[in-house]
K.L.:
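Let me give you the structure first, and then I'll get to my questions.
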Amino acid sequence: MESVLFQPLVDALASGQHQAVVNAANLFNAADLAEFIEQNLESDSGGALFQSLPLALRAKVLGYTNPDTQLLLTQATPLAELALLTAEMPSDDRVDFFNLLDESRQKQLISKLDEEDRKDLTALLAHAEGTAGSLMSTDYAVFESGITASEAIDILRKTAKDKETIYQSYVIDENQVLIGVVSLRRLIIAQPDSIIDSLLATGLVSTHTNTSQDDVARLIAKYDLLALPVLDDHDRLAGIITYDDAMDVIEAEATEDIHKGGSVSNLETGITTASPFSLYRSRIQWLIILVFANIFTGAGIAHFEDIIGAHLALLFFMPLLVASAGNAGAQSATLVIRGIATGDVVNSDWVRLFNKELLVAAALGLTMALTVWVVGMFRTEMAIATTVAITMIAVVLAGGLIGILLPLLLNRLGVDPAAASIPLITTIADVSGVMIYFTIASMILGP
């Protein structure tokens, strides 16, 4: 959003009148207010706006800001006020915020919460990070079995303000075991005296508290759900995960995979707010590893210095061949890593993928070999051009197969396949390419 659109906020803050700031803030969505606050933290306008907002809106805006901003905005907030602010937050946002605080602040804050919020927070904190239990919200609409549609609508009318969503409501029995789900649409169009048990949707999709958040996101995407009910070990309704939370998971996982694919450690914040040291730390480890890995490339060249000395024209084609091997590996690895992430590829597919890549890489290698052979004929003698062409087929095959197998191997070992980063695969392909090139050259060109 362009800064000119925030002019009403800028003018209201400049006036110094509290009510003018509140009136201006009401013109904007909570996500837009969070954007303005983050853009203006250094000028103090962001903090001033945040403190001017009504408590409920402040809690909502806080959920849209990044973790560092949340800590900065609340570090000077008195404990009693912070407890009120925390209680206003949706239960899932409340857990995320609570986890940002240091241990001392956590103990002080939890002692200030009322009993209901304290129990809810403690229950959610008990679930392992990265599971459905840690992601779910307990602010859901729920009915007991046997009530009428009219009674259900009356309940929604009284409780909707505090619910994450009312488009889907959940029906439980006396033991809190989930029976089914009923949509707001069906409640509205049903006869007032209809029993809600007769309005339940078929094909209920649910998950359990220990399900990984990746699987949760895939379920929501697969079935186009507004919300996914989460059950405990006794099939009792424990919470729900809404589609917007699933989108956050997908974005976070995609960001992490992109970082790993570029040999960058995961950043806790965005690049614009990360410190230079954080950026340095996230990149230096892999760069050093890749430096040592590339030493093998130099060692391979040194091993074949005799054949290189006798045929210096070989050096002209070496960057081209090495890059082709790395590029082929990067392409195949990208396809496999993405396939694993979406569930399209499993470990048992490796034979089928290997055979398919063998065919595709061979076709790619032959096409590229023909191109480089023509170039070689203009640049040097036929023997070297033929050597380069044969090598091109071999290195593209090697690179493609490395790109297919390495992510699958890591996945089999329980390691995130995104760790088979493109720079790592290209480095392995580079070393292999050098060894293949000069081995073939030695066989064809002789000593």
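Side-chain atoms are counted along with the backbone in the values below, which use heavy atoms only and exclude waters and symmetry mates. Residue numbers count from 1 along this sequence.
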K.L.:
Between Leu41 and Leu73, does a side-chain contact (heavy atoms from CB on, under 4.5 Å) hold up when you go through it step by step?
P.N.:
CA-CA 9 Å; Leu41 279 176; Leu73 290 172; 3.8 Å; yes
K.L.:
Heavy-atom count around Arg105 CZ within 6.0 Å, excluding the residue itself: above 12?
P.N.:
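Check passes, neighbour count above 12.
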K.L.:
Give the minimum heavy-atom separation between Ile340 and Pro417, together with the two atoms involved.
P.N.:
CG2-CG, 3.7 Å
K.L.:
Going by the rule salt bridge (Lys or Arg N to Asp or Glu O under 4.0 Å), which residues pair with Glu174 if we only count those two or more places apart in sequence or in a different chain?
P.N.:
none
K.L.:
Under the side-chain hydrogen bond (donor to acceptor under 3.5 Å, both in side chains) test, which residues partner Gln19, sequence neighbours left out?
P.N.:
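So Gln19 forms a side-chain hydrogen bond (donor to acceptor under 3.5 Å, both in side chains) with Asn23.
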K.L.:
Could you walk me through whether Phe50 and Leu62 pass the side-chain contact (heavy atoms from CB on, under 4.5 Å) test, one step at a time?
P.N.:
CA-CA 9 Å; Phe50 180 74; Leu62 194 65; 3.9 Å; yes
K.L.:
Do you know which two heavy atoms are closest between Ala20 and Ala12, and how far apart they sit?
P.N.:
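Residues Ala20 and Ala12, closest heavy atoms: O-CB, 3.5 Å.
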K.L.:
Can you sort out the partners of Gln331 under side-chain hydrogen bond (donor to acceptor under 3.5 Å, both in side chains), two or more places apart, ordered by chain and number?
P.N.:
none
K.L.:
Would you compute the distance between atom CG of Leu187 and atom OG of Ser194 and round it to the nearest 0.5 angstrom?
P.N.:
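Between atom CG of Leu187 and atom OG of Ser194 there are 9.5 Å.
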K.L.:
Which atom pair, heavy atoms only, marks the closest approach of Ala25 to Leu33?
P.N.:
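Minimum heavy-atom contact is O-CD1, 3.8 Å.
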K.L.:
Can you list the residues that meet the side-chain hydrogen bond (donor to acceptor under 3.5 Å, both in side chains) rule with Thr207, with sequence neighbours excluded?
P.N.:
Thr211
K.L.:
How far does OG of Ser332 sit from CG of Asn327, to the nearest 0.5 angstrom?
P.N.:
10.5 Å
K.L.:
Determine, step by step, whether Asn210 and His127 satisfy the side chain to side chain donor-acceptor pair (under 3.5 Å) criterion, reporting the C-alpha distance in whole Å, the side-chain angles of both residues, the deciding distance to 0.1 Å, and the verdict.
P.N.:
CA-CA 8 Å; Asn210 58 359; His127 299 289; over 6 Å; no
K.L.:
Which pair of non-hydrogen atoms, one from Leu199 and one from Ala190, has the smallest distance, and what is that distance?
P.N.:
CD1-CB, 3.7 Å
K.L.:
Would the distance check show the side chain of Asn99 and the main-chain N or O of Val95 forming a donor-acceptor pair, the cut-off being under 3.5 Å?
P.N.:
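Judged by distance alone, yes, a pair lies under 3.5 Å.
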K.L.:
Test Ile147 against Ile155 for side-chain contact (heavy atoms from CB on, under 4.5 Å), laying out the working first.
P.N.:
CA-CA 10 Å; Ile147 67 172; Ile155 292 172; 3.9 Å; yes
K.L.:
Give, for atom CD of Gln191 and atom CD1 of Ile189, the distance between the pair rounded to the nearest 0.5 Å.
P.N.:
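CD1 of Ile189 is found 10.0 Å from CD of Gln191.
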K.L.:
On a heavy-atom basis, which atom in Leu200 and which in Asp197 lie closest, and how many Å separate them?
P.N.:
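The answer is CG-O, 3.5 Å.
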K.L.:
Could you tell me whether the side chain of Thr74 and the main chain of Thr77 form a donor-acceptor pair under 3.5 Å?
P.N.:
no
K.L.:
When you compare the side chain of Phe36 with that of Val10, does any pair of heavy atoms fall below 4.5 Å?
P.N.:
yes
K.L.:
Atom CG of Leu178 and atom OG of Ser206: how far apart are they, to the nearest 0.5 Å?
P.N.:
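It is 6.5 Å, given to the nearest 0.5 Å.
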K.L.:
Do any pairs count as a salt bridge (charged side-chain N to carboxylate O under 4.0 Å, His left out) and have a residue in residues 216-229, sequence neighbours left out, and if so which ones?
P.N.:
Asp215-Arg218
K.L.:
In a table with atom names and distances, give each donor-acceptor pair under 3.5 Å that connects a side chain of residues 238-248 to protein atoms at least two apart or in another chain.
P.N.:
| residue | atom | partner | partner atom | Å |
| --- | --- | --- | --- | --- |
| Thr242 | OG1 | Asp244 | OD1 | 2.4 |
| Thr242 | OG1 | Asp245 | OD2 | 3.1 |

K.L.:
Applying salt bridge (Lys or Arg N to Asp or Glu O under 4.0 Å), name anything that partners Glu129, two or more places apart in sequence or on another chain.
P.N.:
none
K.L.:
With the side chain counted from C-beta on, respond yes when Leu135 and Val230 share a heavy-atom pair under 4.5 Å apart, and no when they do not.
P.N.:
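Of all side-chain heavy-atom pairs linking Val230 with Leu135, none is under 4.5 Å.
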K.L.:
If a pair satisfies salt bridge (charged side-chain N to carboxylate O under 4.0 Å, His left out) and one of its residues is in residues 149-168, list it, with sequence neighbours excluded.
P.N.:
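Counting only pairs at least two positions apart or across chains, the salt bridge (charged side-chain N to carboxylate O under 4.0 Å, His left out) contacts touching residues 149-168 are Asp154-Arg157.
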K.L.:
Search all heavy atoms of Ile425 against all heavy atoms of Ala330 and return the closest pair with its distance.
P.N.:
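Taking every non-hydrogen atom into account, CG2-N, 4.3 Å.
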K.L.:
Once salt bridge (Lys or Arg N to Asp or Glu O under 4.0 Å) is applied, do any residues pair with Arg118, and if so which ones, sequence neighbours excluded?
P.N.:
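With neighbours one apart ignored, the set is empty.
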K.L.:
Is there a side-chain contact between Ile188 and Leu184 (heavy atoms, below 4.5 Å)?
P.N.:
yes
K.L.:
Could you list the donor-acceptor pairs under 3.5 angstrom formed between side-chain atoms of residues 79-91 and any protein atom two or more places apart in sequence or on another chain?
P.N.:
| residue | atom | partner | partner atom | Å |
| --- | --- | --- | --- | --- |
| Glu81 | OE2 | Arg58 | NH1 | 2.6 |
| Thr86 | OG1 | Leu82 | O | 2.7 |
| Ser91 | OG | Ser137 | OG | 3.0 |
| Ser91 | OG | Thr138 | N | 2.8 |
| Ser91 | OG | Thr138 | OG1 | 3.3 |

K.L.:
Is there a side-chain contact between Leu113 and Phe98 in this structure, where contact means two heavy atoms from C-beta onward sitting under 4.5 Å apart?
P.N.:
no
K.L.:
Do side-chain atoms of Asn175 reach the backbone of Val177 as a donor and acceptor pair under 3.5 angstrom?
P.N.:
no
K.L.:
First locate atom CG of Asn26, then atom CG of Leu57, and finally report the distance between them rounded to the nearest 0.5 Å.
P.N.:
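So the CG of Asn26 and the CG of Leu57 are separated by 7.0 Å.
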K.L.:
Can you check whether Pro192's main-chain N or O pairs, donor with acceptor, with Ser150's side chain at less than 3.5 Å?
P.N.:
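Side chain of Ser150 to backbone of Pro192: no pair is present.
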K.L.:
Report, one line per pair, each donor and acceptor closer than 3.5 Å where one atom sits in a side chain of residues 351-368; sequence neighbours left out.
P.N.:
| residue | atom | partner | partner atom | Å |
| --- | --- | --- | --- | --- |
| Arg352 | NH2 | Asp349 | OD1 | 3.2 |
| Asn355 | ND2 | Val351 | O | 3.3 |
| Thr367 | OG1 | Ala363 | O | 2.9 |

K.L.:
Any side-chain heavy atom of Val181 within less than 4.5 Å of one from Pro229?
P.N.:
no
K.L.:
Rounded to the nearest 0.5 Å, what's the gap from CZ on Phe97 to CG on Leu121? Could you check?
P.N.:
11.0 Å
K.L.:
Residues two or more places apart in sequence or in another chain: which of them pass ring pair (Phe, Tyr, Trp, His ring centres under 6.0 Å) with Phe143?
P.N.:
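Partners of Phe143 by the ring pair (Phe, Tyr, Trp, His ring centres under 6.0 Å) criterion come out as none, since no residue qualifies.
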K.L.:
Could you go step by step and tell me if Thr165 and Leu226 meet the side-chain contact (heavy atoms from CB on, under 4.5 Å) rule?
P.N.:
CA-CA 9 Å; Thr165 177; Leu226 290 174; 5.6 Å; no
K.L.:
Walk me through whether Thr209 and Asp232 qualify under side chain to side chain donor-acceptor pair (under 3.5 Å).
P.N.:
CA-CA 6 Å; Thr209 53; Asp232 64 14; over 6 Å; no
K.L.:
Got Ile37 and Tyr64 here, is their nearest side-chain heavy-atom distance under 4.5 Å?
P.N.:
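The answer is no; the side chains never approach within 4.5 Å.
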K.L.:
Count the heavy atoms of every other residue, nucleotide or ligand shown that sit under 6.0 Å from CD of Gln106, and state whether that count exceeds 12.
P.N.:
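More than 12 heavy atoms, drawn from other residues, nucleotides or ligands, come within 6.0 Å of this atom.
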K.L.:
I'd like to check Phe6 versus Gln39 (side-chain heavy atoms, cut-off strictly below 4.5 Å). Are they in contact?
P.N.:
yes
K.L.:
Hey, is the main chain of Met136 close enough, under 3.5 Å, to the side chain of Asp92 for a donor-acceptor pair?
P.N.:
no
K.L.:
Ignoring hydrogens and angles, tell me if any N or O in the side chain of Glu38 forms a donor-acceptor pair with the backbone of Thr65 under 3.5 Å.
P.N.:
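It does not hold such a pair.
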